[in-house]
Number of protein chains: 2
Amino acid sequence: MALVNPTRETPVTTADKVFDSMLHAIVEGKIAAGSKISEPELAKQYEISRSTLREALNRLEKCHLIERKANVGSRVVECTIESLLEIYVVRESLEGMACRQAALNMTDDEIVDMKAMLDQHSKVQALQDGVAYYQEEGDLDFHYKVILGSHNKQLINILCGQLYHLVRMYRFQFGMHSPRAARAFDEHYRIIEAISDRDGELAELLMRRHIAASRKNIEKKIALKESESKHKRK
Amino acid sequence: MALVNPTRETPVTTADKVFDSMLHAIVEGKIAAGSKISEPELAKQYEISRSTLREALNRLEKCHLIERKANVGSRVVECTIESLLEIYVVRESLEGMACRQAALNMTDDEIVDMKAMLDQHSKVQALQDGVAYYQEEGDLDFHYKVILGSHNKQLINILCGQLYHLVRMYRFQFGMHSPRAARAFDEHYRIIEAISDRDGELAELLMRRHIAASRKNIEKKIALKESESKHKRK
DNA sequence: AACTTTAAAATTGTCGACAATATTGTAATT
DNA sequence: AATTACAATATTGTCGACAATTTTAAAGTT
């Protein structure tokens, strides 16, 4: 049961609930990427006032899921390849550091917990090989646990509170079910080992490579798609 | 003439202006760190409605300068040593990567511009040695230029749009006029050299060391202050 | 005197209406 | 026919008022 956002508490205010709802809708593309957001329209749709909607929009903006221009309005961000690669650069940097900090700061209990999670992932993977969805969720679980393990509030906030919503959005929109499940699993294992050894330097290095590999995998896919579409055009 | 925020355009709406005003007030401690923010009071003070104030508060929250709890209200963030060190960890990671990207992506013009800036800093430093203020502003200028040089919107946004407001706040509140002006200047020079050589790996390494040195310098100061206060208590 | 319970006050969340700005569509001009 | 000027429309920004919640104060109980 993968958590969507391990940092946020349960929503109390109606703006909270609308935010949650819109977050899902945007991530899953039900509100299309790049589309304009009409405040009157959405307010009617959710049966709330514009004030409350705007409050929700402000939180979506904090996650970089929408962009706002003064006196013009809000748009859902576009999912461009350039932006995706930019996000991966940031992830490589920040999660690398988070992993180093996790090696220094994680409690023994947290490490035990993370190992248990990996064991379960291996079982799921053995049972339902090829079912990418679970692997994807498992991948997020793993990364969340490492980030939280850094015990660095700034890191946690930027990664879990902001960047990972975008990551999930891209996964949905581009339908990126990683074909490198087995390899990713192995990489996760080694990272946990480094953390368990309290080897911060190695942990950071491995995490950076792990994410860089993922990025290169995407770049390859993009290149493939591009050559395909060129073929068609002929 | 140091820019406070090189990413934001001129404020158009009144909420923009109030945001700018409060940003300065919080950074400079005129609105005390850790203090509660009363919406009715501040709205009266700025002669605006609560809606407009709340819009401004939302932007301050985006910069992590205030924190909000549902049905309770907003507080200015506290300036704790732990949090400061956390920020430095994030900076080390992100600015290191920004520097690597700058080495790859900066235009030749941008590099020329950055070298010119450094030359000017050296003159200012030679003329008014010991005047820390200019050095501090120059330091920010340098870091901003590198970050912008990464040409990575995500990096720029997180660093210039969020983290650097906090950095400036800490500098004000703790009165951290770095006594390592000369050394910092030399480090800046070498970083620019690496960028100029398009050596991303070295550029990242040097920037990380530069920030780590700054962090260690702070840690040393803290330790000093602590031992002093212990002395007093005796 | 310390601790609950309850009522009053204050604060935040939400609403609908109006003002300021941007967008769209139409008519006039070249 | 294309372009500009202007009016009409729609959208966002701002306001003040009310509802929901929390905080404070007071009264009562042990």
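This one's a predicted model, so the numbers in the text were calculated from it and none came from an experiment. A note on names: the letters A, B, ... follow the listed sequences, proteins ahead of strands, and every chain is numbered from 1.
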### Task
Tell me whether the centres of the aromatic rings in A:H24 and A:H165 are closer together than 6.0 Å.
no
Separation of atom [atom1] in [X] from atom [atom2] in [N], rounded to whole Å:
X: B:R68; N: C:dT12; atom1: CZ; atom2: P; answer: 9 Å
X: B:E41; N: C:dA9; atom1: CD; atom2: C1'; answer: 16 Å
X: B:K36; N: C:dT11; atom1: NZ; atom2: C1'; answer: 7 Å
X: A:K17; N: C:dT14; atom1: NZ; atom2: P; answer: 9 Å
X: A:L53; N: D:dG13; atom1: CG; atom2: C1'; answer: 14 Å
X: A:R59; N: C:dG13; atom1: CZ; atom2: C1'; answer: 10 Å
X: B:N58; N: D:dT12; atom1: CG; atom2: P; answer: 17 Å
X: A:L42; N: D:dT11; atom1: CG; atom2: P; answer: 12 Å

Could you work out which one of [options] sits closest to the side chain of [X]?
X: A:I48; options: D:dT14, D:dG13, C:dC15; result: C:dC15
X: A:V72; options: C:dC15, C:dT23, D:dG13; result: C:dT23
X: A:S49; options: C:dT14, D:dT22, D:dG13; result: C:dT14
X: A:R50; options: C:dA17, C:dT14, D:dC15; result: C:dA17
X: B:T14; options: D:dG13, C:dT14, D:dT14; result: D:dT14
X: A:R54; options: C:dC15, D:dG13, D:dT22; result: D:dG13

### Query
Which part of the nucleic acid, if any, lies within reach of A:T13 when heavy atoms closer than 4.0 Å are counted: base, sugar-phosphate only, or nothing?
sugar-phosphate
#### Entry: Sugar-phosphate only, base, or nothing, as touched by A:I37 at under 4.0 Å among non-hydrogen atoms
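Contact class for A:I37: sugar-phosphate only.
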### Query
With distance as the sole test, does A:E28 use its side chain to make a donor-acceptor pair with the main-chain N or O of A:A25 at under 3.5 Å?
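Checked: no pair found.
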### Query
Out of A:M114, A:H188, A:M106, which one pairs with A:V146 under the side chain to side chain contact (heavy atoms under 4.5 Å, CB included) rule?
A:M114
### Task
Check the side chains of A:R54 and B:N58 for a donor-acceptor pair under 3.5 angstrom, ignoring hydrogens and angles.
no
### Task
Assess the side chains of B:Y170 and B:S83: does a donor N or O sit below 3.5 Å from an acceptor N or O?
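Result is yes, a qualifying pair exists.
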### Query
C:dC15 phosphate, OP1 or OP2: any side-chain N/O from A:T52 under 4.0 angstrom?
yes
### Summary
Note: for A:E55 and A:A70 on DNA chain C, the residue whose nearest nucleotide lies more 5' is A:E55
